[in-house]
Amino acid sequence: MRQRVAVIDFETNGASPGGDCRATEIGVAMVEDGRVVDRFQSLMNAGVWVPPMIERLTGISNAMLKSAPPADQVMLDAARFVGDAPLAAHNASFDRKFWDYELGLLGLVRRQDFACTLMLSRRLLPQAPDHKLGTLARWASLPDTGRAHRAMADAEMAAHLMALLSDTLRQEFHLPDIDHALLCKLQKVTAAKVKPYLRELQAAMTA
DNA sequence: TGCCAGGCCCTCTTTAGGGCCTT
C-alpha cells in the first residue's frame, strides 16, 4: 500500500469517553509502503484519575499524567500530524470513539474513515488462536515494538499487522493494489462472505 | 435505587443472547 495511512492507538482511563473517562496517551505510526516512516506520541493530561487496574495495565500512572502536556494541545498536534491521511486502528470502534470525542472538544470533526485491523484479521486470518493485538503479533512473529499497552508500541504493532494483512491479500488473492478504501470495504463484508467476495474481485481483475 | 461501553460476530438468530476486543 503506497498511500500514507495513520495507524493510531489511545491509552485511556476507561472504556468509553465522556465525563471522567478520557484519553491518557496517543501514539500514531505513519505508514507508507508497509513501513513506519514517521511517529507521533505523547502522554496527555486531561485532568482525570487513572484507576489502579489501568495503571497496572498500561504503566501510565497518575503521577506521570500530572507532568504531561494538556490534552487539548496534544490533540491539536496529533491532528496536525495526521492531516488528511486515512486512519487505522486495532478495534477501531474503540479508538474512533476517543479520537472523535477528543477532537470534538476542540470543535474539530474527523473527515477520514477508519480501517480496523481487528475486523480485517477476523476475516483474513481466521486460523489465528484469537484476534487480540498481542496474540496476533506473537502468532505472526511480527517485529517487537516495545512494551504492550503503551500507545506508540501498540500503534506500531497494529501498523505491522496492517502490512501483514495487505501481504495476505496480495499473496492469497493476487490483488496488486491494496489501498485503505479496499480495507474499509472488506471490513464491511461479513466474515462468512469475505473470501467469496475477494475471489470475485480477483476474477474481475483478471477478466 | 440501581445501574454504569459499545460495536461487531456467531448461532441453538432476526421478536436474542453471549462472547470478543479495546482501556
Side-chain angles (χ1 to χ4, degrees), chain A residues 6-29 41-65 68 71 74-75 78 87-105 110 112-140 142 145-162 164-165 183-198:
Chain A
V7 184
I8 74 168
D9 185 77
F10 279 110
E11 303 307 314
T12 74
N13 70 337
S16 198
D20 293 332
C21 181
R22 297 285 299 277
T24 57
E25 187 180 45
I26 182 171
V28 186
Q41 67 172 319
S42 182
L43 291 167
M44 44 201 282
N45 183 2
V48 292
W49 177 75
V50 181
M53 186 275 286
I54 295 181
E55 277 192 338
R56 285 192 295 274
L57 177 70
T58 64
I60 298 170
S61 67
N62 287 290
M64 289 163 69
L65 292 182
V74 173
M75 285 306 299
L87 294 157
H90 194 70
N91 197 11
S93 66
F94 178 87
D95 294 283
R96 186 179 58 224
K97 282 187 301 187
F98 281 91
W99 179 259
D100 289 353
Y101 182 82
E102 296 290 346
L103 286 190
L105 294 177
R110 170 175 57 89
Q112 313 95 311
D113 283 334
F114 265 90
C116 177
T117 54
L118 168 63
M119 293 176 66
L120 290 163
S121 297
R122 283 176 172 158
R123 284 155 176 71
L124 300 174
L125 307 171
Q127 69 275 32
D130 64 51
H131 297 89
K132 294 183 181 79
L133 183 58
T135 303
L136 289 166
R138 283 189 296 277
W139 174 75
L142 298 181
T145 58
R147 189 197 191 284
H149 296 299
R150 286 302 298 265
M152 194 65 241
D154 281 4
E156 282 202 57
M157 204 179 284
H160 291 311
L161 176 58
M162 189 172 68
L164 172 71
L165 291 163
L183 298 182
C184 288
K185 199 177 289 182
L186 288 181
Q187 70 196 23
K188 289 179 184 162
V189 179
T190 61
K193 291 181 181 170
V194 74
K195 294 213 170 178
Y197 175 85
L198 282 165

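Chain letters run A, B, ... following the sequence lines, proteins first, then strands; residues in each count from 1. Bear in mind the structure is a predicted one, so any value in this text is a computation, not a measurement.
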- Listed partners of A:Phe94 passing ring pair (Phe, Tyr, Trp, His ring centres under 6.0 Å), at least two apart: A:Phe98
Distance between [atom1] atoms of [N] and [M] (Å, rounded):
N	M	atom1	result
B:dT23	B:dC4	P	22 Å
B:dC12	B:dG17	C1'	11 Å
B:dG18	B:dT14	C1'	16 Å
B:dG19	B:dT13	C1'	15 Å

- Does A:His149 make a side-chain N or O approach to OP1 or OP2 of B:dT23 shorter than 4.0 Å? yes
- Query: Is any side-chain N or O of A:His90 closer than 4.0 Å to OP1 or OP2 of B:dT22?
  - Reply: yes
Rounded interatomic separation in angstrom, taking [atom1] from [X] and [atom2] from [N]:
X	N	atom1	atom2	value
A:Ile60	B:dT23	CD1	C1'	10 Å
A:Met44	B:dT23	CE	C1'	13 Å
A:Trp99	B:dT23	CH2	P	17 Å
A:Leu136	B:dC20	CG	C1'	12 Å
A:Phe10	B:dT22	CZ	C1'	13 Å
A:Glu25	B:dT22	CD	C1'	15 Å
A:Leu65	B:dT23	CG	P	16 Å

Enumerate all atom pairs, one protein N or O and one N or O from nucleotides 4-11 of chain B, separated by less than 3.5 Å.
| residue | atom | partner | partner atom | Å |
| --- | --- | --- | --- | --- |
| B:dC9 | OP1 | A:Arg123 | NH2 | 2.1 |

- Does one side chain, of A:Ser121 or A:His131, offer a donor that lies under 3.5 Å from an acceptor on the other? no
- Indicate whether any N or O donor in one side chain lies under 3.5 Å from an N or O acceptor in the other, for A:Thr135 and A:Asp130. yes
- Inspect the surroundings of CG in A:Asp20 and state if more than 12 heavy atoms from other residues, nucleotides or ligands are less than 6.0 Å away. no
Regarding [X], tell me which of base, sugar-phosphate or nothing describes its non-hydrogen contacts under 4.0 Å with the strands shown.
X	value
A:Asp20	nothing
A:Asp130	sugar-phosphate
A:Phe98	nothing
A:Asn13	nothing
A:Thr24	nothing

- In terms of heavy-atom contacts, A:Ala46 and A:Ala23 come closest through CB-O, 4.3 Å
- Message: For A:Arg150, is there an ion pair with A:Glu11 - N to carboxylate O distance below 4.0 angstrom?
- Response: no
- Message: Whether the side chain of A:Asn62 engages the backbone of A:Trp49 through a donor-acceptor N/O pair (distance < 3.5 Å, no angle test) should be reported.
- Response: no
- Backbone N/O of A:Thr58 and side chain of A:Arg147: donor-acceptor pair under 3.5 Å: yes
